[in-house]
Structures are given as C-alpha cells and as structure tokens.
There are 2 protein chains.
Amino acid sequence: MTTEPNIATIARRPLHMELVDCLRDMIVEGTLPPGSKIPERDLCERFGVSRTPMREALKVLAVEGLILLSPNRGAWVSKLTIGDLEEVFPVMGALEALSGELACERITDEQLADIRAAHEEMVEHYRAGRRADYFRLNRQIHHAILEAAGNATLAAQYRALDARLRRARYLANVSDRRWAQAVAEHEQILAALAARDGTKLAAVLKQHLRNKFETVREWLADHGER
Amino acid sequence: MTTEPNIATIARRPLHMELVDCLRDMIVEGTLPPGSKIPERDLCERFGVSRTPMREALKVLAVEGLILLSPNRGAWVSKLTIGDLEEVFPVMGALEALSGELACERITDEQLADIRAAHEEMVEHYRAGRRADYFRLNRQIHHAILEAAGNATLAAQYRALDARLRRARYLANVSDRRWAQAVAEHEQILAALAARDGTKLAAVLKQHLRNKFETVREWLADHGER
DNA sequence: AAATTGAATTATGAATCCATAATTACGTCA
DNA sequence: TGACGTAATTATGGATTCATAATTCAATTT
C-alpha cells in the first residue's frame, strides 16, 4: 500500500532483508532441500551475522510460506506435496487468468515488442535444446506479462505462490512432448496479447499453467515427497 | 504447505505471534490509524515486552502489507488509497469467484445448513438495524464459504487482502440502499450454494464484492486518504 | 526573521546474554 | 537386549546492551 514516509531515503538495506533474499534463493535452488531442518546457528556463522537478523528473516520466510516455524523446535523448509500442488493450482490459475485480462487492457506496443523479442530468443533456445536459457527467457516473459498487467498487488500474490512451486519446477525436467506443447502455447500467448484478446489470453495462460503443473506433478510422483 | 516437524506440539505460542494478532487488530480497528507512525518503544512498554519479539512482529505485518518499514526510520501503518483499492478489487474478485466455484463443488449439506442458519440470523439483525451484529454474521458467512471451498492456500491469500481492506470497511457505514442490496445478494448467494451452481455463485459473489468496494470507495473519497 | 550548521537527543539495527524448552546420551532395570 | 527414566547438552525465545543513523533543537550567520 501507498504509505510513504515523508522523505525518500537512500539508506542501505537492513541485514534481515539481505538474508531473506539469500535464503529464498537457497530454498528455491534446493541448497536447503524441502523438509530439512534449518540450522539457525550454522547459517548465522556461515553468513557472519548474529541471530537477531536471522530470526527476523525466518519470520518473513514463514509468512511467505517457504519455511515452517515450530515454537521452540526451530524452522524447517516446507515440503511441496501433490496435495499442496492441487491446492495451489486453482489459485494460481485464477491469478494467471486475471493477469492475462489486465495485460491485454493495458499493454503498450513497446512492452509487446519487448515480449516478442524475448519470445523469439526463447524459441531459438528451444530449437537448440538449451533448457536453462529457455527457462530464463520463459520466466522473463511471464514476468513481463505480469508487469504489463500493472497491478502490484496481483504481482506480489502471484510471485509468492510461484516461489513455492519454483523449487519443484527447478528440478523437474519437462518431457520433449510437453516442452513442444509449451512452446506452441507461447505462440498463442503472443498472438492473444497482440490481438489484445483478454479472454483468449486468460484461457491460454490457464492451459499453459496446467501443463506446468502436470510436469511438476509427475516429478513429485516419481521423486516422491509425500 | 505440509511440512510437519515430526511431532505435533502443544507448546504455547511465541510472543511475537501474540503481538502480530494484537497489532493486526489494533490496525484493523483503527486504534493505530493509517499513516501514523508506530512507536516501537511505547508499544513495547505498553505490552510489557522487549523489542526483540516486537520487531519480529513488525516484520510479519510488513509482509502482510499492513505496515510499511523504512530502514532506520521505523514503521508506519500503511494507508489505503483509492488507487490501492482499485488494485486490490480485481484480485479479490478473482479469489472470491474461485472460492464460490470450489465451495459449490465441495460443500456438505451440514455446512450449508450452518450457513443458512447464520444467514437467517443475519437477516434478523438487518431487519432490526443492528449493524454491528449484522457485520459479524456477514463475516462469519463469508468465512464459512471460504472454509467450504477447502483450499487453505486460497483462504490465506484472501484473508491477507481482506485484512488490508477491513480497516476501511470497519469505518465506512453502508448506506441503507446498499445495505438492502447486500442482503438481497446474500439471498442469491444462498440459493446458488444450495443449487451447487458454481458459475452463478462466482458471479454473485463478485457483484457482492463490487458493492462492498463502492462503499469503501465512497468513504475514502469523503474521508479522503489520498 | 529566515536559513543553515552542529551538538544533543532519540530511535533503530545488530550483537550478546540469559532462561527455559527440547533433544540427546547414558545408565539402570526388567 | 530393549524399554524406560534421568542427566547432560543443545537450541530456541526473549531481554539487554551497544553502535550508529536519524531527528530535534538551539545557536550562529546572513
């Protein structure tokens, strides 16, 4: 929300914010694997900070849903179960659809051009089989659509959920068939955006999301966290 | 998410959680008015706690969006502007619609009966002009629908946004016209739920939400926080 | 009189310390 | 050998302390 303390400030970021970003990355990238206990003291030593900012950071990550705090027992990295997945999917679907509708109302030609460029580059990476680069551009495109929707509240909500899934998406390798399908969907996404067809875009994005979810679901079923 | 530390624990709640709940209420009820600075030290004395748990609580509330932290400058209660409102509305609308659809898929006859009972009581309060009691039951009904939807992720997201608006809804007096309209909509909500008509319920809930928003918007326009 | 500088005050950020709950390790007994 | 109970250890929750950034306010200058 919009409460600005009177004066714009340049101050350096507090330690706990720095820690939140570091820890979030560590969780998303699997350095801190799901279900593992978070060794508060060890982390403090590793980062060279005292427990106070670390504890503040853990409180923040708990609200974001990435870790779970148990009174007097410490912090655990939250697991992602198939059940969780089935809960998160409809919520993200609703948000994703909304982002598509809003983006079509508001996107500028310039923003569209940027997305188109990223799309072309992404397709190149797909053709060359460069998974990591593909994923980077993919993320960038979805981020840009969210940006074009021009709704900070929506973006924040979406990103919070996305972070919880990204851990699994990070590990799950898409099959060739699903990958091809995803690229085809991206073509449709671009077309709908260009036509400013919000209803269409919402539908495509939702389908695209389902694709992602199936990938994660299969991975979870195999590498089973229960 | 579902990570349970191995053993279920009965332990007493940490202080900072207690504080989060207290402060959230104080903000929602206007004891800490929007835009005001939060006097950390004073609050610590008032509650008889040290600064450590208080600061942890402030971090949590900042993630929830109820307060705004400025490095080295302290915490302010976030304001709600009309611009914020227009951002939050579509997001809540999407979540509200989803909750309606899911509730229709899953609600049990027993849950429906409870909601019907609450509805009857609420209508009584409306007829008698008891605003406070009406609001309490109203909130209870919406809570029950969210419960019936059986999606904890959805519920958490919705409640976070709702808390940010409740401050204004708390103060804004609905006009007689809007109040009557709201009650009429609640009749429709009940009917759609009973018929398990998810599409219909989603539409009604969304319209109902718009009603609420217009009330808040008018109040904001008058008692203008910009 | 208004504005600017600098000292005094106050509040925040972070580290350390202490009490207590939880876990682990060990020893005893069935 | 295995289960139980108790002591030792460890980790967490909370209070306190210290350093530093921000604010206040008075004094000086224009």
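Lettering of chains follows the sequences in order, A, B, ..., and the numbering in each one begins at 1. Values below: all heavy atoms of this structure, side chains included; hydrogens, waters and symmetry mates excluded.
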Check whether more than 12 heavy atoms from other residues, nucleotides or ligands sit under 6.0 Å from atom CZ of A:R139, and answer yes or no.
no
Separation of C:dA15 atom C1' from A:H16 atom NE2, nearest Å, is 16 Å
Whole-Å distance between C:dA21 P and B:R13 CZ?
18 Å
Among D:dA15, D:dG14, C:dA14, the one nearest B:V49 by side-chain distance:
D:dA15
Can you check the B:F47 CZ to D:dG14 C1' distance for me, whole Å?
16 Å
Side-chain atoms of A:S50 come closest, of C:dA14, D:dA11, C:dT12, to C:dA14
Do the charged groups of A:E218 and A:R178 touch, with an N to O distance under 4.0 Å?
yes
C:dG13 C1' sits how many Å from A:L19 CG, rounded?
12 Å
What is the distance from CD1 of A:I38 to P of D:dT10, rounded to the nearest Å?
21 Å
May I ask you to say whether A:R51 pairs ionically with A:E40, meaning some side-chain N is under 4.0 Å from a carboxylate O?
yes
Of the listed nucleotides (C:dA11, D:dG13, C:dA15), which one gets closest to any side-chain atom of A:P53?
C:dA15
Which of the following nucleotides, D:dT12, D:dT16, C:dA15, is nearest to the side chain of A:N72?
D:dT12
Between the base of C:dA11 and the side chain of B:R51, is there any donor-acceptor pair under 3.5 Å?
no
Return the 5'-most residue of the pair A:L15, B:R41 with respect to DNA chain C, ranking by each residue's nearest nucleotide.
B:R41
Rounded to whole Å, please give me the gap between CG in B:L69 and C1' in D:dA21.
16 Å
Other residues, nucleotides, ligands: >12 heavy atoms within 6.0 Å of B:R210 CZ:
no
Regarding B:K37, tell me which of base, sugar-phosphate or nothing describes its non-hydrogen contacts under 4.0 Å with the strands shown.
sugar-phosphate
Spacing of B:M54 atom CE relative to C:dT12 atom C1', expressed in whole Å:
14 Å
Is there a side-chain polar atom (N or O) of A:R73 under 4.0 Å from OP1 or OP2 of C:dA21?
no
Mind calculating the distance between NZ (B:K59) and P (C:dA14) to the nearest angstrom?
8 Å
Any B:T52 side-chain nitrogen or oxygen under 4.0 Å from OP1 or OP2 of D:dG14
no
What I want to find out is whether A:E64 reaches A:R164 closely enough, with some N-O distance under 4.0 Å, to be called a salt bridge.
no
